[in-house]
Number of protein chains: 2
Amino acid sequence: MLSIGALGKRTGTKVQTIRYYEQIGLMPEPGRTEGGQRRYGDAELDRLAFIRHSRELGFSLEAIRELLDLSDSPERSCAQVDAVAQRQLKEVEARIARLEVLRIELQRMISECSADRVADCRILEVLRDHEECLADHGGPGA
Amino acid sequence: MLSIGALGKRTGTKVQTIRYYEQIGLMPEPGRTEGGQRRYGDAELDRLAFIRHSRELGFSLEAIRELLDLSDSPERSCAQVDAVAQRQLKEVEARIARLEVLRIELQRMISECSADRVADCRILEVLRDHEECLADHGGPGA
DNA sequence: ATACGAGCTACAGCAACTGTAGGTTCAAGC
DNA sequence: GCTTGAACCTACAGTTGCTGTAGCTCGTAT
């Protein structure tokens, strides 16, 4: 039986994050000691490890919820699991593509500026004037 | 003189977003009509365009604040502007690198799974077991 | 004169946590 | 058995960068 701190250490998760996962129903309510402290077993350890690993691969909590639900019905087709993973791959690829555009534009902007004074700075000029920018403006690059 | 809606249309910014920028001090408090509606001139239009374009290139609002401050002192060296842009470039590059790792791992995971049943799904297996993953776990891939 | 789109303030909500305050419990050492 | 202090508890505010809602007022076109 693990305390919340021990579980956190084992999975690389902050204590508050574990309580947060419980609050949003991603982790089950665990058993408690007489004094009211949470105690976890192996099932919870595995579940949290799954969640954390999925987060590291960039899955949203919603997607993880879906994956956890799917993995609870082992006899079903795994096509849906595949679909979730594919969706995530597509998202990652889209993010990379958008960031590549930004990278190119930032590099160009920086390399063009050889001014001393702020007044002549190409970087600020490009930022001021949309038209000088080659990037395709697909929204903030998050 | 532009209304807030007209300014928004010209810069591709939602009305609430403009008011938000004003609230956090990124946009100045504009003049008002008798009835209390905001009216904007060219200076504000330019400033908002600068902000939006910088956002599109992924700069944080804090970084933009810094750039705006710098561009207010045109006689200063633009080394600081350069530093802000370099920092942003580094961040973008780091994000790309992290996402590349994720992309590889997701692709591998997906390509390895040819199971029918959830019970045998390689994707879930990899997500369950850290050790099967080649990715380097540098945190969520945002 | 009236209708109605656009504007106003103030506040709640999103993702996914993280941090704080102020109090309680557990386990180890003496 | 008692004390200490790290770890736990709840509840709530804050982060980033907005977005949406409610309930009102304003401006302008007809």
Side-chain angles (χ1 to χ4, degrees), chain A residues 1-27 29-40 44 48 50-68 88 91-92 95 98 102 138-142, chain B residues 1-27 29-40 44 48 50-68 88 91 95 98 138-142:
Chain A
M1 283 299 175
L2 295 164
S3 70
I4 195 169
L7 180 67
K9 226 158 247 167
R10 290 262 223 124
T11 57
T13 315
K14 301 219 162 149
V15 165
Q16 282 106 318
T17 303
I18 299 172
R19 288 198 281 247
Y20 169 71
Y21 288 161
E22 180 184 329
Q23 194 187 304
I24 63 170
L26 208 58
M27 285 293 286
E29 288 186 24
R32 302 264 185 160
T33 61
E34 297 247 317
Q37 298 197 355
R38 292 167 178 82
R39 287 296 178 266
Y40 296 95
E44 283 103 332
L48 184 55
F50 183 100
I51 294 170
R52 293 310 288 178
H53 193 194
S54 302
R55 283 296 296 137
E56 279 163 1
L57 287 169
F59 288 91
S60 70
L61 294 182
E62 254 337 285
I64 293 168
R65 210 186 285 274
E66 206 177 329
L67 290 171
L68 283 166
Q88 176 60 17
E91 252 168 63
V92 167
R95 267 192 262 168
R98 219 165 46 225
L102 300 193
Chain B
M1 283 298 175
L2 296 164
S3 71
I4 194 168
L7 181 66
K9 228 159 245 164
R10 292 263 222 120
T11 56
T13 315
K14 302 219 160 146
V15 166
Q16 282 104 319
T17 304
I18 299 173
R19 288 198 282 246
Y20 170 70
Y21 288 162
E22 181 184 328
Q23 195 188 305
I24 62 170
L26 209 56
M27 286 292 287
E29 288 186 23
R32 303 266 185 158
T33 63
E34 297 248 318
Q37 298 197 356
R38 291 168 178 82
R39 287 296 178 267
Y40 296 95
E44 284 102 331
L48 184 54
F50 183 99
I51 294 169
R52 293 310 289 177
H53 193 194
S54 301
R55 283 295 297 138
E56 279 162 1
L57 287 169
F59 287 91
S60 71
L61 294 183
E62 253 338 284
I64 294 169
R65 208 186 286 273
E66 206 176 330
L67 290 170
L68 284 167
Q88 176 60 16
E91 253 168 62
R95 269 193 260 168
R98 220 165 46 225

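Both backbone and side-chain heavy atoms feed into the values below; hydrogens, waters and symmetry mates do not.
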Phosphate OP1/OP2 of [N]: any [X] side-chain N/O under 4.0 Å:
X: A:Arg38; N: D:dC8; value: no
X: B:Lys14; N: D:dG20; value: yes
X: B:Ser3; N: C:dG7; value: yes
X: A:Arg52; N: C:dC17; value: yes
X: A:Tyr21; N: C:dC17; value: yes

Presence of salt bridge, A:Arg19 and A:Glu22, under 4.0 angstrom: no
DNA chain C: 5'-proximal contact among A:Arg19 and A:Thr33 (nearest heavy atom): A:Arg19
Upstream residue (5' side of DNA chain C) when A:Gln37 and B:Arg32 are each assigned their closest nucleotide: B:Arg32
Nearest-nucleotide pick for B:Gln16, side chain only, options being D:dG27, D:dT21, C:dC17: D:dT21
Side chain of B:Arg55 (C-beta onward), nearest among C:dG7, C:dT18, D:dG17: D:dG17
A:Gly58 backbone acceptor or donor facing A:Gln88 side chain under 3.5 Å: yes
Closest-nucleotide 5' rank along DNA chain D - winner of B:Leu61 and B:Gly35: B:Leu61
